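Beneath this line is the structure, given in structure tokens, with notes to follow.
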Amino acid sequence: MQDKSRLRIAMQKSGRLSKESQQLLERCGIKINLQQQRLLAFAENMPIDIMRVRDDDIPGLVMDGVVDIGIIGENVLEEELLNRRAQGEDPRYFTLRRLDFGGCRLSLAVPMDEPFAGPHSLQGKRIATSYPHLLKQYLDKLAINFKSCLLNGSVEVAPRAGLADAICDLVSTGATLEANGLREVEVIYRSKACLIQRDGEMPAAKQALIDRLLVRIQGVIQARESKYIMMHAPSNRLDDIIALLPGAERPTVLPLAGDRNRVAMHMVSSETLFWETMEKLKELGASSILVLPIEKMME
Ligand SMILES: Nc1ncnc2c1ncn2[C@@H]1O[C@H](COP(=O)(O)OP(=O)(O)OP(=O)(O)O)[C@@H](O)[C@H]1O
Ligand SMILES: O=P(O)(O)OC[C@H]1O[C@H](OP(=O)(O)OP(=O)(O)O)[C@H](O)[C@@H]1O
Ligand SMILES: [Mg+2]
């Protein structure tokens with residue numbers, strides 16, 4: 001029986017978002033024992049239950065208020081929103097924040113040797129997709145008529161199989177398109193994973209827990225994007241060195257025992273340090289350059 005006082009979070013059971021969703025929650029300090037087959041897992045140290053489902057079901061579970069929050073790709077969320085609106089519903093939810101994983105784009109692609117002179121080339125064509133509403137929204141705005149062929153997977157094989165003239169599917173590296181003899185011609189939607197909350201009244205204790213989690217998520221994401229940088233540098237080149245570190249805060253400068261001409265510099269940078277920048281730092285006289293990951297951050 002569901003304990004309504006516990007925060008219920010939905011995440012993808014297995015797929016492109018599951019590992020990083022799980023990692024994010026673990027980094028926020030939630031101890032979960034996710035055995036492969038368990039659909040429902042209970043956190044040991046916080047009043048939180050994790051529901052592991054197909055990603056397609058997550059927007060609906062949040063919109064129907066079955067779970068309190070969900071981690072989902074914006075592409076799937078937007079598609080479900082348009083789907084429900086098309087059925088006359090008025091779905092409600094809040095986006096709590098965008099996350100730093102699950103980046104991909106929904107694109108139109110055509111066979112490699114097919115000429116393409118803009119979206120109008122698709123007039124009257126058949127397009128295979130798992131995202132009929134996002135596709136329709138995009139082509140309707142351009143007043144392009146098309147026939148859709150709904151496929152829930154393996155969309156990329158549709159043109160070769162004679163099912164469609166073009167496809168509209170997710171792309172990240174483009175390797176799947178290339179392997180299937182297709183080329184990306186238009187990006188229609190850019191997506192990342194996001195965290196959403198159900199609409200409606202939330203008990204104060206649960207809302208406080210969500211707010212705490214959000215602060216921790218901010219800390220985890222900020223830490224992932226930041227680096228702790230240390231180096232030894234000549235005292236007379238400090239300004240030049242700082243100018244090479246655009247994402248860095250003002251450094252802490254410490255004396256080096258027995259060396260009056262050089263100092264130790266410590267700083268947090270919101271960007272990683274590329275090899276090229278490290279080489280330039282070395283040219284300016286810096287040495288012992290260390291770039292360290294940061295585990296947690298709170299401002
Ligand atoms: N190549 C990719 N790179 C990065 N993120 C991706 C990529 N493909 C998909 N995604 C994101 O991950 C989400 C889940 O993708 P996945 O392929 O695991 O979905 P699925 O096969 O529909 O899974 P499920 O079995 O849960 O329905 C996508 O909706 C998208 O937001
Ligand atoms: O541009 P790429 O890096 O090649 O990625 C794109 C592919 O990734 C996703 O599928 P996934 O591999 O998750 O398999 P699925 O079809 O089983 O969901 C997506 O549906 C594409 O097919
Ligand atoms: Mg799915």
Side-chain angles (χ1 to χ4, degrees), residues 5-12 15-32 34 41-52 55 58-59 61-63 67-78 81 92-105 172 190-230 245-252 266-274 291-299:
S5 68
R6 290 172 69 85
L7 183 70
R8 198 168 246 222
I9 304 178
M11 61 172 235
Q12 191 186 24
R16 295 267 188 173
L17 301 179
S18 41
K19 198 169 139 226
E20 279 163 298
S21 302
Q22 187 183 327
Q23 237 170 37
L24 179 67
L25 298 180
E26 283 170 355
R27 293 226 164 165
C28 286
I30 305 172
K31 287 211 164 59
I32 18 176
L34 292 183
F42 309 102
E44 295 162 16
N45 58 342
M46 287 192 211
I48 295 176
D49 296 343
I50 311 284
M51 214 174 154
R52 297 157 73 223
D55 70 339
I58 295 174
L61 289 170
V62 174
M63 290 167 187
V67 299
D68 299 307
I69 58 182
I71 300 175
I72 185 64
E74 289 166 330
N75 53 318
V76 173
L77 174 63
E78 191 66 21
L81 188 65
R92 299 291 173 108
Y93 67 92
F94 302 100
T95 299
L96 292 172
R97 70 163 296 149
R98 234 184 167 203
L99 301 170
D100 62 345
F101 58 89
C104 57
R105 51 198 192 271
S172 166
R190 288 187 192 277
S191 179
K192 277 201 161 182
C194 67
L195 189 69
I196 54 173
Q197 177 176 337
R198 69 170 169 81
D199 191 22
E201 208 198 320
M202 191 71 78
K206 257 196 200 186
Q207 190 59 54
L209 181 56
I210 295 174
D211 295 344
R212 257 175 80 205
L213 272 184
L214 273 177
V215 174
R216 292 188 185 188
I217 289 173
Q218 171 64 19
V220 171
I221 292 178
Q222 209 181 340
R224 280 205 280 239
E225 288 169 352
S226 304
K227 293 282 176 269
Y228 195 85
I229 299 169
M230 298 193 283
L245 304 164
E249 289 178 359
R250 299 295 305 171
T252 305
H266 289 203
M267 71 215 86
V268 172
S269 172
S270 60
E271 295 169 23
T272 191
L273 209 54
F274 293 105
V291 181
L292 308 174
I294 296 174
E295 195 183 289
K296 293 193 184 75
M297 254 176 135
M298 200 179 265
E299 291 195 320

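What you see is a predicted model; the values in this text were computed from it and never measured.
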Kindly compute the distance separating CG (Leu273) from CG (Leu292), expressed to the nearest 0.5 Å. 11.0 Å
Measuring from atom CD1 of Ile229 to atom OG of Ser269, what distance do you get when rounded to the nearest 0.5 angstrom? 4.0 Å
Please enumerate all residues that pass side-chain hydrogen bond (donor to acceptor under 3.5 Å, both in side chains) together with Ser191, with sequence neighbours excluded. Asn75
Ignoring hydrogens, what is the shortest heavy-atom contact between Arg105 and Ser172? Give both atom names and the distance. NH1-O, 3.2 Å
One should read off an interatomic distance between Leu99 CG and Ile72 CD1, to the nearest 0.5 angstrom, of 11.0 Å
Check Val62 against Gly70 and note the closest heavy-atom contact, atom names and distance. CG2-N, 3.9 Å
Side-chain contact test, heavy atoms from C-beta onward, threshold under 4.5 Å: evaluate it for Met63 versus Leu77 and give yes or no. yes
Provide the full list of salt bridge (charged side-chain N to carboxylate O under 4.0 Å, His left out) pairs with a residue in residues 213-228, sequence neighbours left out, each pair given once. Asp100-Arg224
Holding to side-chain hydrogen bond (donor to acceptor under 3.5 Å, both in side chains), I want the full list of residues that pass it with Arg97, two or more places apart in sequence or in another chain. Gln218
When you look at Ile30 and Leu213, which way does the side-chain contact (heavy atoms from CB on, under 4.5 Å) test go after all the steps? CA-CA 9 Å; Ile30 305 172; Leu213 272 184; 3.7 Å; yes
Please name all residues satisfying side chain to side chain contact (heavy atoms under 4.5 Å, CB included) with Arg6, sequence neighbours left out, ordered by chain then number. Asp3, Phe42, Pro47, Asp49
Considering non-hydrogen atoms only, spot the tightest contact between Ala10 and Val67 and give its length. CB-CG2, 3.9 Å
Show the numbers, then the answer: is there a side-chain contact (heavy atoms from CB on, under 4.5 Å) between Ile217 and Leu96? CA-CA 11 Å; Ile217 289 173; Leu96 292 172; over 6 Å; no
Is the CD atom of Glu295 crowded by more than 12 outside heavy atoms at less than 6.0 Å? no
Do Arg52 and Met11 have side chains that approach each other closer than 4.5 Å (heavy atoms only, starting at C-beta)? yes
Side chains of Leu195 and Leu214 in contact at under 4.5 Å (non-hydrogen atoms): yes
Distance from Arg8 atom CZ to Ile50 atom CD1, nearest 0.5 Å? 10.5 Å
Would you give the length of the straight line joining atom CD1 of Ile69 to atom CE of Met202, rounded to the nearest 0.5 angstrom? 8.0 Å
Other residues, nucleotides and ligands only: do more than 12 of their heavy atoms fall within 6.0 Å of CZ on Arg212? no
Per the salt bridge (charged side-chain N to carboxylate O under 4.0 Å, His left out) rule, what does the pair list look like for residues 196-205, sequence neighbours excluded? Asp68-Arg198
Distance-only donor-acceptor hits, side chain of residues 20-29, under 3.5 Å, sequence neighbours excluded:
from  : atom 1 : to    : atom 2 : distance (Å)
Ser21 : OG     : Leu17 : O      : 2.5
Gln22 : NE2    : Glu26 : OE2    : 3.3

Hey, could you give me the NZ/CZ distance between Lys192 and Arg98, rounded to the nearest 0.5 Å? 6.0 Å
